[in-house]
J.: 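Structure provided below as structure tokens; questions to follow.
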There are 2 protein chains.
Amino acid sequence: MLKQAEPLDLVFQALADPTRRAIVERLGRGPATVSELAMPFTMSLAAVVQHLQVLEASGIVTSEKTGRVRTCRIESAALKPAERWLADRRATWEHRFDRLGELLATQPTDPPKGTTP
Amino acid sequence: MLKQAEPLDLVFQALADPTRRAIVERLGRGPATVSELAMPFTMSLAAVVQHLQVLEASGIVTSEKTGRVRTCRIESAALKPAERWLADRRATWEHRFDRLGELLATQPTDPPKGTTP
DNA sequence: CGCTTGCTTAAGCATGTGCTTTAGTATTCA
DNA sequence: TGAATACTAAAGCACATGCTTAAGCAAGCG
């Protein structure tokens, strides 16, 4: 396919997997090493590392290696664009109802008027 | 794989594609038919229909057929769990800093001993 | 009626994803 | 030093995804 993915693609894609969301939830409570993150899961450590690579590629997680230990932490700023995209959708949608309300208020089937906020 | 996907999996997965996000953005401005939704894209109509199926499976979009025309609309309630998950992550993360701040306030400069608690 | 419209279904294909196992490479410690 | 620890890299496999084309079918229209 060869097309470069947008940031939002990577973030939503990263969060679409329950293992990765569990990792993010764990990291929300503080940094952790790779093997600490892998412990709760039955899958191999290599598989968890691959999930971490997806999370790092999306920017949700950063890590640094000290000695032989890699410590991972959440980069909560990376979640903001996704959160905002969702909020914007809802805002647009609700705004639509506001306009619909106005339209209905200006074209009355019934006399009362002060009902719309 | 045979494991049933959770709602959040389906929603995030659905939003991980730019075509599908564009469709959701379009539907945010009001309902539309399948061919109206397909028009902006260079891909085949069948491909757009498949994207719509993903969106419907996630609950983000509903549709009903009248005559030979299928009209799609956004189901903004389906976005809420995703929005809340993201907000919760940020909340947990920020709360962590609050607690850290408290800790640092009550334990002024102490000689460090262990590296990790 | 036959023709166009608006999907719908199915098959097929290239690429991506989520694992596995195996085989490394640095560190750290007894 | 030599063994355990903590990853890291790579290959391989089953299944999912994002398209395509082709064929079909039920409205609606002239």
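Worth knowing before you read on, the calculation uses all heavy atoms, side chains too, and leaves out hydrogens, waters and symmetry mates. Throughout, protein chains are lettered first and strands after them, A, B, ... in sequence-line order, and every chain is numbered starting at 1.
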J.: Pick the nucleotide of DNA chain D nearest each of L45(B) and V69(A); which residue has the one closer to the 5' end?
T.: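 Its nucleotide being nearer the 5' end, the pick is V69(A).
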J.: Mind running a 4.0 Å heavy-atom check of residues 51-62 of chain A against DNA chain C and sending the residues that fall below it, in number order?
T.: H51(A)
J.: Is K65(B) near enough to dG6(C) that one of its side-chain N or O atoms lies under 4.0 angstrom from OP1 or OP2?
T.: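 For K65(B), the contact criterion (side-chain N or O under 4.0 Å from OP1 or OP2 of dG6(C)) is not met.
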J.: Check nucleotides 24-30 of chain D against the protein and report each pair of N or O atoms closer than 3.5 Å, with its distance, or say if there are none.
T.:
residue	atom	partner	partner atom	Å
dA27(D)	N3	R68(B)	NH1	3.0

J.: On DNA chain C, does the nearest nucleotide to A46(A) precede the nearest nucleotide to A16(A) from the 5' side, or the other way round? Give the residue.
T.: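 Its nearest nucleotide lies further toward 5', so the answer is A16(A).
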J.: State whether the distance check finds a donor on one side and an acceptor on the other, under 3.5 Å, for side chain Q13(B) versus base dT17(D).
T.: no
J.: Below 4.5 Å, heavy atoms only, C-beta onward: do L45(B) and S35(B) meet side chain to side chain?
T.: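 Touching, per the 4.5 Å side-chain cut-off.
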J.: Could you walk me through whether E64(A) and R70(A) pass the salt bridge (charged side-chain N to carboxylate O under 4.0 Å, His left out) check?
T.: CA-CA 6 Å; E64(A) 66 178 320; R70(A) 178 169 298 276; over 6 Å; no
J.: Under 4.0 Å between a side-chain N or O of S44(A) and OP1 or OP2 of dT20(C)?
T.: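 For S44(A), the contact criterion (side-chain N or O under 4.0 Å from OP1 or OP2 of dT20(C)) is met.
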J.: Side-chain contact test, heavy atoms from C-beta onward, threshold under 4.5 Å: evaluate it for F41(A) versus H51(A) and give yes or no.
T.: no
J.: Which pair of heavy atoms, one from P31(A) and one from R73(A), lies closest together, and at what distance?
T.: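 Result for this residue pair: CG-NH1, 3.4 Å.
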J.: Heavy-atom contacts under 4.0 Å between residues 32-43 of chain B and DNA chain C, which residues?
T.: T33(B), V34(B), S35(B)
